[in-house]
Every structure is written in C-alpha cells, then in structure tokens.
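To start, the structure itself, in structure tokens.
A, B, ... follow the sequence lines: proteins, then strands. Residue 1 opens every chain.
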Number of protein chains: 2
Amino acid sequence: MDPEVGRRYAEEVGVVLARMGTTPAFGKLLGWLLICEPPQQTTAQLGAAMGLSKASVSTGMRVLEQSGLVRRVPSPGRGHAYEMHPDAFARALDPTDKMRVFIDLMQRGIDLVGDAAAPEARRLRHTRDFYTFMVERTPALMEEFRRQARKDS
Amino acid sequence: MDPEVGRRYAEEVGVVLARMGTTPAFGKLLGWLLICEPPQQTTAQLGAAMGLSKASVSTGMRVLEQSGLVRRVPSPGRGHAYEMHPDAFARALDPTDKMRVFIDLMQRGIDLVGDAAAPEARRLRHTRDFYTFMVERTPALMEEFRRQARKDS
DNA sequence: ATTTAGGTTCAGAAAATTCTGAATATTCAA
DNA sequence: TTGAATATTCAGAATTTTCTGAACCTAAAT
C-alpha cells in the first residue's frame with residue numbers, strides 16, 4: 001500500500017473522531033495505527049507519518065494508552081513502540097465507564113429530590129435504571145463476541 | 001426543591017457532559033431538563049435558569065432535539081416548550097448510529113488494503129466485526145429493558 | 001392586516017483548546 | 001559513570017470553538 005494512501009486514510013479517521021469530541025491528533029494517530037505497516041510504530045515514525053511534533057505525539061499517545069486503545073510494546077532498538085491493543089475497540093467503546101459516571105450523576109439528582117419514588121424523580125430514576133441495566137448486560141455481550149471471534153479466526 | 005440547588009445540579013451535569021465532548025450549553029440545558037419543575041420549559045425559562053442568551057438556547061435545544069434527548073411539546077400560551085424525551089437516554093446513547101459510522105470507516109480501510117483476508121487488514125476487520133456484532137445485538141437489549149421497565153412501573 | 005411575543009440566524013467578540021519548540025528528564029549502551 | 005538517543009513537560013502562539021447581541025423571520029391573537 002502506498003504510504004500516502006494510508007496517511008490520507010488516517011486523516012479521514014481523524015476527522016470522524018474529532019467530530020465525536022477527540023482532539024485531531026488523537027484521531028489521526030489512531031487512524032494511522034489502524035492501517036500502518038508494520039503495526040508497531042515508534043514515536044518518531046508516528047510523528048513523521050502524520051506531521052505532528054514530538055510533543056503532540058507524546059500527549060496523544062498517552063491518552064490513547066490510557067483509553068486502552070493502544071499499548072506499548074518493546075521495540076527492537078532503543079525505547080518502545082506502540083501498536084493497537086488487540087481488543088482495542090471492545091475496550092475503548094466499552095461504555096461501562098462512562099455509564100457509571102452517568103449512574104452516579106442520576107443518583108445524586110435523586111438524592112437532591114429526596115424521595116426516589118417522587119414523580120419529580122422519574123426522569124432521573126428512569127435514566128439511572130437504564131444505564132444500570134446496560135452496565136450489567138454489556139460484559140456478557142462482549143464475552144459472547146470474543147467467543148465467536150475466536151471460533152471464526 | 002430550591003431552584004438554586006437545581007441550577008447547581010444542572011451545572012454539574014454540564015461539566016460532566018462537556019468533558020465527554022459536548023458544548024457547555026448543551027450539557028447545562030440537559031441537566032436542567034433532568035431536574036426542573038415543571039418538566040416542560042420554554043426557551044425563556046431555560047435561558048433564565050441557566051444564564052444563557054436566547055441564541056445559545058436556540059442552538060443548544062436544536063442539537064438536543066436532533067439527538068433525540070429532548071422533544072418539543074405544545075405550550076399553553078404562545079409558542080412551544082421542551083421536555084426530556086421519555087426514552088431520552090435509551091435513544092441518545094443508542095450507540096448504533098456512531099457505530100455504523102465506524103463500520104463504514106473500517107470497511108473503507110479494508111477496501112484500501114484490497115484483500116479482506118490479508119493479515120494487514122486484521123485490525124480493521126476485527127474492529128468492523130465487533131461493531132457489527134454490537135449493532136446487531138443492541139436493539140434486543142433495549143427492548144428487553146423497556147419490557148422490564150414497563151413491568152416495574 | 002397589524003401587532004407583538006417568540007424563534008432563528010449570523011458576524012464578530014470572548015473564551016477555551018490544541019499544538020509546538022525549547023527546556024528538562026529519563027533510559028539504555030558502552 | 002558518561003554520553004547519546006529518546007521521551008515528557010510546559011509556557012505561550014495559533015487555531016478553533018462557543019457564545020452573544022442584533023437583525024431578521026414567523027406565526028398567533030385581535
């Protein structure tokens with residue numbers, strides 16, 4: 001694959017991700033790691049490929065790593081390289097963390113109303129219960145996908 | 001409930017939402033609609049409660065409406081009011097729209113690689129398949145929640 | 001048809017975010 | 001331990017985003 005084609009694809013991913021609220025650098029780096037060859041890339045390679053400063057790559061990769069999308073791998077030479085986490089999107093879009101934040105927020109609102117059964121708390125209660133349900137069910141769904149994927153590959 | 005307490009709660013929701021990528025106004029308005037009394041609010045009321053200009057309320061409510069979190073309801077006097085959609089979060093955090101965007105993006109990447117079975121396409125393929133799985137399964141999960149909620153209430 | 005409350009749009013001001021270069025720190029080979 | 005390659009941090013510049021006031025619609029009541 002022409003590296004220029006890959007770069008353009010990564011930019012595209014960057015635009016989509018940025019629209020969803022990430023920084024441009026974050027999205028570009030992730031896009032590049034989706035398609036680059038080899039899948040392992042050093043900071044210098046990432047910066048060169050996407051035209052980002054060392055500093056931006058450093059910050060961007062820290063966030064990508066914290067979010068579970070990317071992991072460090074030992075590099076043949078000095079330092080380390082990055083690659084997509086094998087389970088990347090299953091971890092990152094694992095919405096349970098965000099949902100837990102929402103559940104807490106709704107519970108705080110219910111506490112303010114005072115009476116959980118009050119009609120005024122209906123909106124909050126319903127929202128809390130929905131997220132609670134989803135958080136409970138998501139792990140099993142993920143596990144099912146993993147089992148199926150293992151069988152397919 | 002002291003309106004000041006409600007206002008502060010709405011601000012809190014706003015901060016959490018803003019951290020997830022929304023505009024501050026969007027989050028504040030949603031927070032207020034979660035806890036305000038009555039649940040129906042006019043543009044003027046929303047602006048007064050959260051200290052936002054008419055223009056900001058107009059824009060914010062348009063986005064909230066498009067995202068399915070909020071709906072217009074006829075107002076007794078002139079014009080209309082807004083209230084949370086009964087199924088608000090189930091619709092908004094229905095991640096299937098976002099996921100479909102990702103599926104398309106992954107497919108485009110696979111097309112660039114040329115051969116879907118190629119090892120270089122593994123990352124893209126795996127990601128595509130994960131989202132496809134989730135998109136397929138989410139509706140049934142939502143339906144199950146709705147059934148259960150109906151029984152409870 | 002006119003009036004007026006209510007709503008939208010948009011250019012520019014205000015505010016916040018992102019990116020970078022330079023300085024600093026860290027890590028590994030020798 | 002030293003030197004060199006690599007990585008992180010941070011202040012400020014550059015950019016982008018958000019918000020607002022003002023002008024401009026729209027539609028209901030009379």
Side-chain angles (χ1 to χ4, degrees), chain A residues 7 10-33 36 38 40-67 69-83, chain B residues 7 10-33 36 38 40-67 69-83:
Chain A
R7 200 193 55 71
E11 296 278 1
E12 235 181 283
V13 174
V15 169
V16 172
L17 272 282
R19 281 223 213 133
M20 292 182 181
T22 76
T23 69
F26 178 99
K28 287 181 197 182
L29 290 166
L30 182 58
W32 179 247
L33 283 172
C36 64
Q40 295 80 26
Q41 299 272 301
T42 65
T43 299
Q45 287 175 309
L46 289 163
M50 299 317 298
L52 294 168
S53 71
K54 272 198 310 178
S56 291
V57 175
S58 177
T59 306
M61 295 315 288
R62 174 160 39 89
V63 180
L64 277 166
E65 211 184 345
Q66 281 171 350
S67 72
L69 280 164
V70 161
R71 68 178 181 186
R72 284 163 186 244
V73 291
S75 176
R78 196 82 63 96
H80 56 261
Y82 294 98
E83 70 174 7
Chain B
R7 201 195 52 73
E11 295 278 2
E12 237 182 280
V13 174
V15 170
V16 172
L17 272 282
R19 281 221 213 135
M20 292 181 181
T22 76
T23 69
F26 178 100
K28 286 181 197 182
L29 290 166
L30 181 58
W32 179 246
L33 283 172
C36 64
Q40 295 80 27
Q41 299 272 301
T42 65
T43 300
Q45 288 175 310
L46 289 163
M50 301 316 298
L52 293 167
S53 70
K54 269 199 312 178
S56 291
V57 175
S58 177
T59 308
M61 295 316 288
R62 174 160 37 91
V63 179
L64 278 165
E65 211 183 345
Q66 281 172 349
S67 72
L69 280 163
V70 162
R71 67 178 182 186
R72 283 164 185 242
V73 290
S75 178
R78 198 83 63 95
H80 55 261
Y82 295 98
E83 71 174 7

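Interatomic distance, A/L52 CG to A/T43 OG1, rounded to the nearest 0.5 Å: 11.5 Å. Atoms SG and CD, on B/C36 and B/E83 in that order, are 9.5 Å from each other to the nearest 0.5 Å.
Using a 4.5 Å cut-off on side-chain heavy atoms (C-beta onward), B/V70 and B/Q41 make no contact. Using a 4.5 Å heavy-atom threshold, the side chains of A/E12 and A/V16 count as separate. You'll find the side chain of B/Y82 stays beyond 4.5 Å of the side chain of B/V57, heavy atoms only. Contact check for A/L46 versus A/L33: side-chain heavy atoms found under the 4.5 Å cut-off.
B/G60 comes within 4.0 angstrom of nothing in the nucleic acid, heavy atoms only. Residue contacts shown for A/S56 include a base, since a base heavy atom lies under 4.0 Å away. A/A25 comes within 4.0 angstrom of the backbone, heavy atoms only, and of no base.
When the P atom of C/dT17 is taken as reference, atom CG of A/L17 falls 19 Å away, rounded to whole Å. Look at CD on B/Q41: it is 14 Å from P on C/dG6, rounded to the nearest Å. The distance between atom CE of A/M50 and atom C1' of C/dT20, rounded to the nearest whole Å, is 17 Å. Computed from coordinates, the B/K54 NZ to D/dT20 P distance equals 13 Å when rounded to whole Å. Between the CG atom of A/L46 and the P atom of C/dT20 there is a distance of 14 Å, given to the nearest Å. With rounding to whole Å, B/L52 atom CG is found 18 Å from C/dA14 atom P. For A/F26 and C/dC19, the CZ to P distance is 12 Å, given to the nearest whole Å. The separation between B/L29 atom CG and C/dG7 atom P is 14 Å, rounded to whole Å.
Regarding contacts with the backbone of C/dT9, a side-chain N or O of B/R62 is found under 4.0 angstrom from either OP1 or OP2. Residue B/H80 places none of its side-chain N or O atoms closer than 4.0 Å to OP1 or OP2 of C/dG6. Side-chain N/O atoms of A/S53 include none lying less than 4.0 angstrom from OP1 or OP2 on C/dG21.
Here salt bridge (Lys or Arg N to Asp or Glu O under 4.0 Å) pairs that include residues 19-32 of chain B, with residues two or more places apart or in two chains, are B/E11-B/K28. Contacts classified as salt bridge (Lys or Arg N to Asp or Glu O under 4.0 Å) and involving residues 42-55 of chain B (residues at least two apart or in different chains) are not found.
Nearest to the side-chain atoms of B/Y82 among the listed nucleotides D/dT9, C/dT8, D/dA7 stands C/dT8. Proximity note for A/A55 (side chain, C-beta onward) versus C/dC19, C/dC10, D/dT9: the nearest is D/dT9. Here D/dT18 is the nucleotide among D/dT18, C/dG7, C/dG21 with the atom lying nearest to any side-chain atom of B/T23. Checking D/dC19, C/dC19, C/dT8 against every side-chain atom of B/R72, the shortest atom distance belongs to C/dT8.
Over its length, the helix from C/dA1-D/dT30 to C/dA30-D/dT1 turns its helix axis by 30°, as judged from the five terminal pairs at each end, rounded to 10°.
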